[in-house]
Protein chains: 4
Amino acid sequence: MAYEKRPDSSRRSERSRTAILDAAMAQVAELGYQKTTIEGIAARAGVGKQTIYRWWRSKGEVLFDAVEMSIEEGAGAVEGEEPALPDTGDIAADLKTVLRATVDEFTDPRLGPVLRALNTEIQIDEALAERNRTRSLEPGWAAYEARLRAAQEAGQIDADADVRTVVEMLTGPLTYRWLFQTGPLTHAYADTLADMTLKAVGRD
Amino acid sequence: MAYEKRPDSSRRSERSRTAILDAAMAQVAELGYQKTTIEGIAARAGVGKQTIYRWWRSKGEVLFDAVEMSIEEGAGAVEGEEPALPDTGDIAADLKTVLRATVDEFTDPRLGPVLRALNTEIQIDEALAERNRTRSLEPGWAAYEARLRAAQEAGQIDADADVRTVVEMLTGPLTYRWLFQTGPLTHAYADTLADMTLKAVGRD
Amino acid sequence: MAYEKRPDSSRRSERSRTAILDAAMAQVAELGYQKTTIEGIAARAGVGKQTIYRWWRSKGEVLFDAVEMSIEEGAGAVEGEEPALPDTGDIAADLKTVLRATVDEFTDPRLGPVLRALNTEIQIDEALAERNRTRSLEPGWAAYEARLRAAQEAGQIDADADVRTVVEMLTGPLTYRWLFQTGPLTHAYADTLADMTLKAVGRD
Amino acid sequence: MAYEKRPDSSRRSERSRTAILDAAMAQVAELGYQKTTIEGIAARAGVGKQTIYRWWRSKGEVLFDAVEMSIEEGAGAVEGEEPALPDTGDIAADLKTVLRATVDEFTDPRLGPVLRALNTEIQIDEALAERNRTRSLEPGWAAYEARLRAAQEAGQIDADADVRTVVEMLTGPLTYRWLFQTGPLTHAYADTLADMTLKAVGRD
DNA sequence: GAATAAGCGAGACGGTACGTCCTGTCTTGAG
DNA sequence: CTCAAGACAGGACGTACCGTCTCGCTTATTC
């Protein structure tokens, strides 16, 4: 059995943790993801490098947490709360609401670039990819799928449509435009995607 | 007026060029994109570092060319030929043909990882992004759009549908699954995407 | 007046003290003086780092004590006893006895290397140097000088010779060979030094 | 056969070499040997750390060369010239001349401390010790021994005295006083040592 | 056919960041 | 209070690459 010494997280300094995450966001904002270094984050946070290496394994992980903290602060989200789509009874309206929110997040001048960089890092770092899937993507899909299944039960969309594929038809094109910057990322585009996708699974 | 000396490409050593591109592919295959270095490529190719820096501006550019060379070798493609979708008259079948081919390229064990890494680099290096758009993405879209417009004229799909959005509904989800590794990338999935998208723009 | 809090030595753990000194000797034996660290000693002794820093100011001090303990254990010396040279009436024989003992100590495979390393540290740490002079060197000289003065009174050596210089002529070359490893450190060499030195101060 | 890549010394930058040695001496003068770091030397010399590690294996080696350069500059010594003792025919006077010079070197406020630190390092670093023996000590001894043999042939000292031991009786006590700072290091002391040693080997 | 000038292999150079190690201080909880 | 444990800020270590540079060598014109 492989033995590996782990730090005692009960004695972790909250002050350092926060300082590091703040410094990480600030460095990325100023220098961009590539030129942000662990050394730079440590210096800016007034922290020893080892304190970063003790709790994170890479720059990517630090920024993953930093972004998470930023989003939670902004949203005032309750810890551990599962995300959910609104359910007004109008499936089209509800999808548009959440897709527009996604557009807003992607185009946010503060978060957008970091998110893009992290999605980059995911291509290379399998640990980060796994974390992204379980902490970020899957909760989002679950929320979409729950709302879509409600719509199926309400007879608003085909009962036999694969909800997972529907989710991908909604978020795939949006993410594609965002990552490759191949077209404007607007609320109108979000609406179009919702409308067209619903047409593909609508009962007519 | 800024003056910049450019190397005389007529005196360029073809032997070195090929050795570098081969070495680059080999290094990525062995070590992965991240751990591949210009120094390593040079050493493996038996070439001075300057010879790489003289002709390329970054590791990304080298690999971009290396991949291009790999694909051309494999496909035996004629230089400068515009790609085009087949037109059998059956729009669904034609779309499936090309989407399946894309699936095959993405899942190719040799090319896939490099392509994914390059899509990473694109997020950071604007020159590379531009090059990717003009040399890779746009010719692809143009081919899709041409075929879709033909289908519109044939009355097979809605005449007022925005072909660009349709292209994104086809390739967006596919690329998403590929980049984030969130589900199996199969021919069946390609077919489903084609069918659902056509349903969204079908005439009823 | 500067105030400095000192630990209460009456509550000091003898168990820890011994464990630290043993661990220190063991680490030096295994890794050499340079690679021995306070952290390593603490870990090996099963002791907190602070317990070392509370009672010693440097690695050098710890090892000074550790060596002292080792020597006392070996010699079974009575605490506080002043060292003295034998006085058989034969000055040459007596000097040879003690010089040979010094040779034995220097060439002891366990103590030798640590002693050499400590002589290193003395060059840098004035507190340690002072301690070395008063606890180690001066008692030794005093013993030599007492014996030499007895020899002067007995008319065996020049009455006007400077005993301090004579001591240095005996121990200087020995220490030199030991520190710089410039020649074999043998009983024969010790004897030669005694004989030649006595010739220099002999009455003719 | 072990293969180890060695740098090409014909392409070595003399400018960097000199800058490093100068910076090393300056750092030691300002901070002392212990607080002098390779990083600090590199920064002060305006040189990359690797340039130091490429040509030297340790701080000690750098300073060994730095001191050597300092001495040569001071002495205006011809490269590769063997040191030799003066030979005026008066062995006592000649020995005093060179012992006094050694005293002067040891007490030189600029060189002394570095020399002491290096003699420290020698206790620990066998490579450095070897180098010290062959480049520093042995040439010195050879010079002494040559002069002493001449004196033997001239009938000034015992023909059967071991010249090596005589050298050690001259330099050993001097070095001892210097390293352990156990007494004043003066010309008078040098003279006493010469006189007493000669008395030990004199023909009377 | 010699002279000139480019590309080339090689690798030293000034730098920057890496990830590790250790220092000496501080904090926590057990005895 | 001392102690074991170990997190912390700090800083040097020695390594790996970066992108630039300089050195001879090989080639290919150009005179």
Side-chain angles (χ1 to χ4, degrees), chain A residues 5-13 15-17 19 35-43 45-55 57-59, chain B residues 5 7-13 15-17 19 35-43 45-55 57-59, chain C residues 7-13 15-17 19 35-40 42-43 45-55 57-59, chain D residues 5-13 15-17 19 35-43 45-55 57-59:
Chain A
K5 201 175 288 179
R6 296 191 175 289
D8 176 352
S9 60
S10 74
R11 303 187 48 186
R12 181 168 188 182
S13 158
R15 155 189 265 283
S16 294
R17 198 188 128 267
K35 295 197 175 173
T36 294
T37 64
I38 297 219
E39 217 151 60
I41 295 171
V47 137
K49 278 204 283 179
Q50 198 61 36
T51 301
I52 299 186
Y53 283 111
R54 186 157 26 234
W55 303 109
R57 276 180 304 165
S58 66
K59 179 172 73 165
Chain B
K5 199 181 288 180
D8 176 353
S9 60
S10 74
R11 306 190 58 173
R12 180 171 188 181
S13 159
R15 155 192 263 285
S16 293
R17 196 188 131 266
K35 295 195 174 174
T36 295
T37 63
I38 296 219
E39 221 154 53
I41 295 170
V47 136
K49 281 202 289 178
Q50 197 58 252
T51 303
I52 298 186
Y53 284 110
R54 190 163 16 241
W55 303 109
R57 277 181 305 163
S58 66
K59 178 172 73 164
Chain C
D8 175 354
S9 61
S10 73
R11 306 191 55 172
R12 180 170 189 181
S13 157
R15 157 191 262 283
S16 293
R17 194 188 132 269
K35 293 196 176 172
T36 294
T37 63
I38 297 219
E39 220 154 54
V47 135
K49 281 201 289 177
Q50 198 55 254
T51 303
I52 298 185
Y53 282 111
R54 200 174 353 253
W55 304 110
R57 277 181 306 164
S58 67
K59 180 171 72 164
Chain D
K5 200 176 290 178
R6 298 194 173 285
D8 177 351
S9 60
S10 74
R11 301 186 49 188
R12 181 168 189 180
S13 158
R15 155 190 265 282
S16 295
R17 197 188 128 268
K35 295 199 174 171
T36 294
T37 64
I38 296 219
E39 217 152 60
I41 295 170
V47 137
K49 278 203 283 179
Q50 200 61 258
T51 301
I52 298 186
Y53 284 110
R54 189 160 18 239
W55 304 108
R57 277 182 303 167
S58 66
K59 180 171 71 164

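Computed from a predicted model, the values in this text were never measured in an experiment. Each chain gets a letter, A, B and so on, in the order the sequences are listed, and its residues count up from 1. Excluded from the calculations below are hydrogen atoms, water molecules and symmetry mates; all remaining heavy atoms, backbone and side chain alike, are included.
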Set of residues satisfying side-chain contact (heavy atoms from CB on, under 4.5 Å) with respect to [X], sequence neighbours excluded:
X	result
C/R57	C/E61, C/A127
A/K59	A/Y33, A/T36, A/I38, A/L63
C/T51	C/S16, C/I20, C/V47, C/R54, C/W55

Exercise for the section: Rounded off to whole Å, could you give me the CH2-to-C1' distance for the A/W55 and F/dA7 pair? Expected result: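 Between C1' of F/dA7 and CH2 of A/W55: 8 Å.
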Exercise for the section: Provide, to the nearest angstrom, the distance between the CG atom belonging to D/D8 and the C1' atom belonging to E/dG9. Expected result: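 It is 13 Å, rounded to the nearest whole Å.
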Exercise for the section: Inspect the surroundings of CZ in A/R12 and state if more than 12 heavy atoms from other residues, nucleotides or ligands are less than 6.0 Å away. Expected result: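 For A/R12, atom CZ is crowded (more than 12 foreign heavy atoms under 6.0 Å).
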Handout entry: A/S10 versus A/D8, closest heavy-atom pair with distance
Key =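 Closest approach of A/S10 to A/D8: OG-OD1, 2.7 Å.
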Handout entry: Nearest non-hydrogen partners of D/A19 and D/A45, listed with the distance
Key =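 Residues D/A19 and D/A45, closest heavy atoms: O-CB, 3.5 Å.
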Problem - Comparing D/R12 and B/S9 on DNA chain E - which has the more 5′ nearest nucleotide - result: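 So the residue in question is B/S9.
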Completion exercise
For nucleotides 9-19 of chain F, 5' to 3', base contacts (B), sugar-phosphate-only contacts (S) and non-contacts (-) with protein non-hydrogen atoms under 4.0 Å give BB-BBBBBBBB
Mind listing the N/O atom pairs, protein and nucleotides 29-31 of chain E, below 3.5 Å?
none

Handout entry: Gap between atom CD1 of A/I52 and atom CZ of A/R17 - 0.5 Å precision
Key =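 Result: 13.0 Å between the selected atoms.
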Practice task
Have a look at the helix from E/dG1-F/dC31 to E/dG31-F/dC1 and give the angle its two end axes make, five pairs each, rounded to 10 degrees.
Solution key: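 End-to-end axis angle for the helix from E/dG1-F/dC31 to E/dG31-F/dC1: 10°, rounded to 10°.
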